[in-house]
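Starting from 1, each residue takes its place in the sequence as its number. These values consider heavy atoms only, across backbone and side chains, with no hydrogens, waters or symmetry-generated copies.
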Amino acid sequence: MGILLAVIQFALVPVLLAVAVAIRSAGQTKPLNVVDYARVADPAALHHWAGNRLLLLPSAFLASGIASWQFPALALLFLGGATLACLCVAIWIALGAESFTGTR
């Protein structure tokens, strides 16, 4: 079971990396659903900032996948930690998007 969880974590790394790069290069589009784009002054800067934070997620899943591979008995704990990192980054982005608001 632990090795299977490690493989799942490794499989999530390229997916999360693609999402982070896509958000980082989103330009003027509106891919973030936690952001009120009517209040955002510079969406491109917001996406660049958010994409950089989202790059932490593939790193977290890679690290937890390696740890799960080495210690299969603790794989569920490592997966939980990486999942908690996702929640923290989402909150960070939602709260940090407020610094990109301004008048249009």
Side-chain angles (χ1 to χ4, degrees):
M1 177 71 168
I3 299 298
L4 177 63
L5 288 177
V7 170
I8 291 170
Q9 291 171 63
F10 286 137
L12 285 173
V13 171
V15 173
L16 292 170
L17 184 61
V19 169
V21 170
I23 296 293
R24 193 170 189 268
S25 61
Q28 298 295 322
T29 61
K30 300 176 181 180
L32 298 172
N33 63 352
V34 297
V35 174
D36 181 14
Y37 281 100
R39 297 177 35 196
V40 174
D42 188 5
L46 169 65
H47 297 148
H48 187 78
W49 177 84
N52 286 342
R53 271 75 190 155
L54 287 171
L55 286 173
L56 295 172
L57 299 182
S59 303
F61 274 90
L62 180 63
S64 68
I66 291 170
S68 296
W69 191 268
Q70 294 294 320
F71 306 103
L74 300 174
L76 192 58
L77 179 67
F78 294 130
L79 177 62
T83 304
L84 184 62
C86 289
L87 179 62
C88 292
V89 168
I91 292 170
W92 189 9
I93 289 172
L95 295 176
E98 293 296 320
S99 65
F100 291 90
T101 59
T103 58
R104 287 191 165 220

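In this structure, Leu54 and Leu16 have side chains that are not in contact, with every pair of non-hydrogen atoms separated by 4.5 Å or more. Put simply, the side chain of Leu57 does not reach to within 4.5 Å of the side chain of Leu17, judged on heavy atoms.
Scanning both residues, Ala26 and Thr29, for their nearest heavy atoms gives O-OG1, 2.9 Å. Shortest non-hydrogen contact noted between Ile23 and Gly51 is CG2-N, 4.0 Å. The minimum heavy-atom distance between Ser68 and Ala75, with the atom names listed, is OG-CA, 3.5 Å. Nearest heavy-atom pair across Ala6 and Gly65 is CB-O, 3.7 Å. Looking at every heavy atom in both residues, Arg24 comes nearest to Asn52 through NE-OD1, 2.5 Å. Contact record, Leu12 with Phe61: CD1-CE2, 3.6 Å, taken as the closest heavy-atom pair.
Proximity of a side-chain donor or acceptor of Tyr37 to a complementary backbone N or O of Gln28 within less than 3.5 Å is not detected. A donor-acceptor pair under 3.5 Å is formed between the side chain of Gln9 and the backbone N or O of Leu5.
Trp69 is connected to Leu79 through a chain of hydrophobic side-chain contacts under 4.5 Å among Ile, Leu, Val, Met, Phe, Trp and Tyr, so both are in one cluster. In this structure, Trp92 is a member of the same hydrophobic cluster as Leu32, with clusters built from ILVMFWY side-chain heavy atoms closer than 4.5 Å. With hydrophobic clusters built from ILVMFWY side chains whose heavy atoms lie under 4.5 angstrom apart, Leu62 shares a cluster with Ile3. Clustering ILVMFWY residues whenever any of their side-chain heavy atoms sit less than 4.5 angstrom apart, transitively, puts Leu46 in the very cluster that holds Val34. In terms of hydrophobic clustering, with Ile, Leu, Val, Met, Phe, Trp and Tyr side chains grouped at heavy-atom distances under 4.5 Å, Phe10 and Leu74 are assigned to different clusters.
Taking the six-membered ring for Trp and thresholds of 30 and 60 degrees, Trp49 and Phe100 have ring planes inclined between 30 and 60 degrees apart.
The side-chain contact (heavy atoms from CB on, under 4.5 Å) search around Leu95 returns Ile91, not counting sequence neighbours. Contacts of Ala67 classified as side-chain contact (heavy atoms from CB on, under 4.5 Å), with partners at least two apart in sequence or in another chain: Phe78.
Shown here is Leu76, whose CG atom has no more than 12 heavy atoms of other residues, nucleotides or ligands within 6.0 Å.
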